[in-house]
Protein chains: 2
Amino acid sequence: MRVTIHDVARAAGVSVASASRALSGRRKVTPDVAERVNRAATDLGYQPNAVAKALRDQTTGTIGMVVPGIGNPFFTTMVEALERRLQENGRDLLLCSSQYDPLIEARRLETLLSRRVDGLIISPCDIEASAPAVLSAAGRAPLVQVDRYIEAGGTDWVGLDDDAALAQAVEHVAAGGARTVAFIGSRLMNSSARLRLSGFQLAVDRAGLETVAPLLGEFTHEWGMQAGRLLLGGDRMPDAVVCGNDEIAIGLLRALRLGGVRVPQEVAVVGIDDVGHAAMCDPPLTTVAQPVDEMATEAVRVLEQVRLGERRPVQRIAIAPRLVVRETSRRTEE
Amino acid sequence: MRVTIHDVARAAGVSVASASRALSGRRKVTPDVAERVNRAATDLGYQPNAVAKALRDQTTGTIGMVVPGIGNPFFTTMVEALERRLQENGRDLLLCSSQYDPLIEARRLETLLSRRVDGLIISPCDIEASAPAVLSAAGRAPLVQVDRYIEAGGTDWVGLDDDAALAQAVEHVAAGGARTVAFIGSRLMNSSARLRLSGFQLAVDRAGLETVAPLLGEFTHEWGMQAGRLLLGGDRMPDAVVCGNDEIAIGLLRALRLGGVRVPQEVAVVGIDDVGHAAMCDPPLTTVAQPVDEMATEAVRVLEQVRLGERRPVQRIAIAPRLVVRETSRRTEE
DNA sequence: TTGAAAGCGCTAACAC
DNA sequence: GTGTTAGCGCTTTCAA
């Protein structure tokens, strides 16, 4: 049988209350008692039972997180940053993947809630289908959305300023001399897909550039490659292609290489995210970086502020992106 | 206040015992009671408290996992496979990253144990420094090592048959005509690094190939690139380079590209793992795939078999790899 | 079949 | 400063 605080108390010759006090150190005990209890605890190899403590305290010290998939390196980076931030606050991260399925997502949220996590961080996989589960969860625990969000309002969010990101990407290729620019993104089932497309269109209009119908598929390199082949098969290459994320851009680069199109001489390519592989592909990818650490910090801050049932203004924090110029785009002529 | 089983019982006009029985459905109750209890539960929006259940049942339905880092796509794939497998068994995965630090690793294990996970899956970051914490954890909960393992024996393990993997890689490049072959791997702080190096040397000897001193750094593309530059600066390029994992190979490919060395014409490159990006780099990477799903299945099976304190033979399951030939290696002349 | 009650391990009143 | 005890929410004896 496992050793409990009762065993420690008995071994130290004190009551469980004293043992508890000595162990937590949050209440006064005589040095003698503290000494005996601590010795007994180490002697017996006492391990406090977090489950019992959680039941008693009504708090678990755990934050639950649901992401669409950990195959996407952006989410991985985000998770790592969040895990570090939370650990500084003495909390643990309970991570789940929804596998891009709103049903699984809803189930994971329920599980997390039944495990009484102290808060929830979620990147909803579908802007519409995820809404009921997310809203219901938000009513039962502090919740903050990260990166993606659901359409229905009223829930806090921390993410990228997509308009600014797309503006940076478009202005950069325009400054490099591009006149026609294409967009390869994701089907509009999530907020990132929508925001990035509309940000792109806005920026293109403002810059007075020419564009073609956007190519919309998935945020994967497979789709990037496929879209690249579509472009290759078209009438005429655009001067530049802006991609909805780096994965797409990496796939596109491969398709262009295969098609014998030189980057950036014949066409410039820009991604979004700045995942690790962006610097490794050929040529290294110019991209708009998401300040992941900053986002993690903000997300945790918002989460700690939320007190359930308390009326407060909804926070929507859009973080400014940062253009990282590598070699898939021509520099501005000076 | 949250609704508890007491509220449900009261609303249904029965005792908590009956409510519990009706809700779990594992014990006989009259249809009438079942009906009333279930209606009350849905009416009130009852959510069972998993913490209380865990305290009572002494089981949480949760498996804890500690990986060195989720930045490495191999671990990501592994985690996803494991998560799916566990979900089929109705268990949840509590994922932690040790960030390649044995101290953090030990702390995460303690946390997981105090949260009373039903089992532990770990890929220890250091073959020596991880040992005390892993052994101690193994004494307190069913534990299985995946991929990497600690030197001290006595603990179950599921992973790749590294000797076979390296043999496949070496024999493949030999069949393609290579006479001299280099190895770029990781410093020998973990079992994968050691096994892959020794597997390489064994295979090279057996094949009668020539080799040079292995280049040992980290399992990252940064190191792959750096090692590539070292190779470029040397006297003479080997006919083939076998890499300790795909990340290294991807970095190497980039260095070779920069150095103007053509792959596979001038030098063949082979990786290990078969991560998603392996098919996207330039040229697409020939690699030895780890059968991740099979490993996940085995790991879960072993974990469920372990009954604490029960003496049973240690299981060490090495799974056969599968060579995936892409374009960084010349095919066998036929 | 149902209800009362014990108890999982812990902490915080409360009383001394 | 210390001990006794209630109670967090649940399931499962044990009696009826």
Side-chain angles (χ1 to χ4, degrees), chain A residues 1-38 40-41 44-62 90 110-111 113-118 140-141, chain B residues 1-38 40-41 44-62 90 110-111 113-118 140-141:
Chain A
M1 200 42 215
R2 277 234 144 84
V3 15
T4 77
I5 201 168
H6 283 91
D7 304 319
V8 174
R10 193 175 327 115
V14 297
S15 72
V16 286
S18 288
S20 174
R21 291 191 269 253
L23 258 8
S24 79
R26 263 200 309 268
R27 263 182 144 65
K28 294 217 92 76
V29 285
T30 50
D32 173 49
V33 169
E35 159 76 24
R36 294 204 326 267
V37 169
N38 284 309
L44 299 176
Y46 170 66
Q47 289 291 127
N49 183 328
V51 174
K53 184 170 162 48
L55 180 60
R56 160 75 221 204
D57 296 351
Q58 302 285 49
T59 166
T60 53
T62 304
E110 285 308 317
T111 310
L113 249 10
S114 80
R115 292 202 191 286
R116 295 300 189 266
V117 292
D118 296 338
R140 288 183 285 158
Chain B
M1 199 42 214
R2 279 239 146 79
V3 14
T4 76
I5 201 169
H6 284 89
D7 304 318
V8 174
R10 192 172 330 113
V14 297
S15 71
V16 287
S18 289
S20 174
R21 292 190 268 251
L23 258 8
S24 79
R26 264 198 310 268
R27 264 184 142 64
K28 294 216 92 77
V29 284
T30 50
D32 173 50
V33 169
E35 159 76 24
R36 285 192 347 254
V37 169
N38 284 311
L44 298 176
Y46 171 66
Q47 289 291 127
N49 182 329
V51 174
K53 182 170 162 52
L55 179 60
R56 160 73 220 211
D57 296 350
Q58 301 285 49
T59 167
T60 53
T62 304
E110 286 307 318
T111 310
L113 248 11
S114 80
R115 291 202 192 286
R116 295 300 188 265
V117 292
D118 296 338
R140 289 182 285 158

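Throughout, a chain's letter reflects where its sequence line sits, starting with A, and its residues are numbered from 1.
- By the 4.5 Å heavy-atom criterion applied to side chains, A/Leu23 and A/Asn38 are counted as neighbours.
- Remark: side-chain polar atoms of A/Arg36 are paired, donor with acceptor, to backbone N or O of A/Ala12 under 3.5 angstrom.
- Evaluation of atom-type donor-acceptor distances gives a pair under 3.5 Å for the side chain of B/Arg21 against the base of C/dG3.
- Phosphate proximity of C/dC8 to A/Thr4: absent, as no side-chain N or O sits under 4.0 Å from OP1 or OP2.
- Of the candidates D/dT12, D/dT2, D/dT4, D/dT4 carries the atom nearest the A/Val16 side chain, counting heavy atoms from C-beta on.
- Of all nucleotides listed (C/dA12, C/dA6, C/dT2), C/dA6 comes nearest to the side chain of B/Arg56.
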Next item on the list: Please assess B/Thr62 against A/Arg115 for the test side-chain contact (heavy atoms from CB on, under 4.5 Å), listing each intermediate value before the final yes or no.
Entry: CA-CA 10 Å; B/Thr62 304; A/Arg115 292 202 191 286; 3.2 Å; yes

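- A sub-4.0 Å separation between OP1 or OP2 of D/dT11 and a side-chain N or O of B/Ser24 is absent.
- Across all strands shown, B/Val51 has no heavy atoms under 4.0 Å from either base or sugar-phosphate atoms.
- Between atom CZ of residue B/Arg2 and atom CZ of residue A/Arg140 there is a gap of 7.0 Å, rounded to the nearest 0.5 Å.
- Rounded to an integer number of Å, the gap from CG of A/Asp32 to C1' of D/dT2 is 13 Å.
- Of the candidates D/dG7, C/dT1, C/dC8, C/dC8 carries the atom nearest the B/Gln58 side chain, counting heavy atoms from C-beta on.
- One can place CG of B/Leu113 at 15 Å from P of C/dG9, the figure rounded to the nearest angstrom.
- Side chain of A/Thr30, nearest nucleotide from D/dC10, C/dT1, D/dG1: D/dG1.
- Side-chain proximity of A/Ile5 to the nucleotides C/dA4, D/dC10, C/dC10 is greatest for C/dC10.
- Contact annotation: B/Ser18 reaches the phosphate of C/dG3 (side-chain N/O to OP1 or OP2, under 4.0 Å).
- Atom CZ of B/Arg115 and atom P of C/dG9 are 18 Å apart (whole Å).
- Comparing B/Val33 and A/Asn49 along DNA chain C, the residue whose closest nucleotide (by nearest heavy atom) sits nearer the 5' end is B/Val33.
- Rounded to whole angstrom, the span from the CG atom of B/Leu23 across to the P atom of C/dT2 amounts to 14 Å.
- Nearest nucleotide to the side chain of B/Leu55, out of C/dA4, C/dG9, D/dC10: C/dG9.
- Map A/Arg26 and B/Asp57 each onto its nearest nucleotide of DNA chain C; the residue landing nearer the 5' end is B/Asp57.
- Comparing C/dA5, C/dC10, D/dT2 by their closest approach to the side chain of B/Ala17 singles out C/dA5.
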Item checked: Intermediate values then yes/no, side-chain contact (heavy atoms from CB on, under 4.5 Å), B/Arg116 and B/Gln58 -> CA-CA 8 Å; B/Arg116 295 300 188 265; B/Gln58 301 285 49; 5.9 Å; no

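- When the C1' atom of C/dT11 is taken as reference, atom NZ of A/Lys28 falls 19 Å away, rounded to whole Å.
- Comparing C/dC10, D/dT11, C/dG3 by their closest approach to the side chain of B/Ser15 singles out C/dG3.
- Across the protein-nucleic acid pair, B/Arg10 atom CZ and C/dG3 atom C1' stand 16 Å apart, rounded to whole Å.
- Along DNA chain D, the nucleotide closest to B/Arg27 and the one closest to A/Gly13 are compared, and the more 5′ of them pairs with A/Gly13.
- The distance from the CD1 atom of B/Ile5 to the NZ atom of B/Lys53 is 10.0 Å, given to the nearest 0.5 Å.
- Rounded to an integer number of Å, the gap from CG of B/Leu44 to P of D/dG9 is 15 Å.
- Here the P atom of nucleotide D/dT5 and the NE2 atom of A/His6 are 12 Å apart, to the nearest Å.
- At the phosphate of D/dC10, neither OP1 nor OP2 sits under 4.0 Å from any side-chain N or O atom of B/Ser20.
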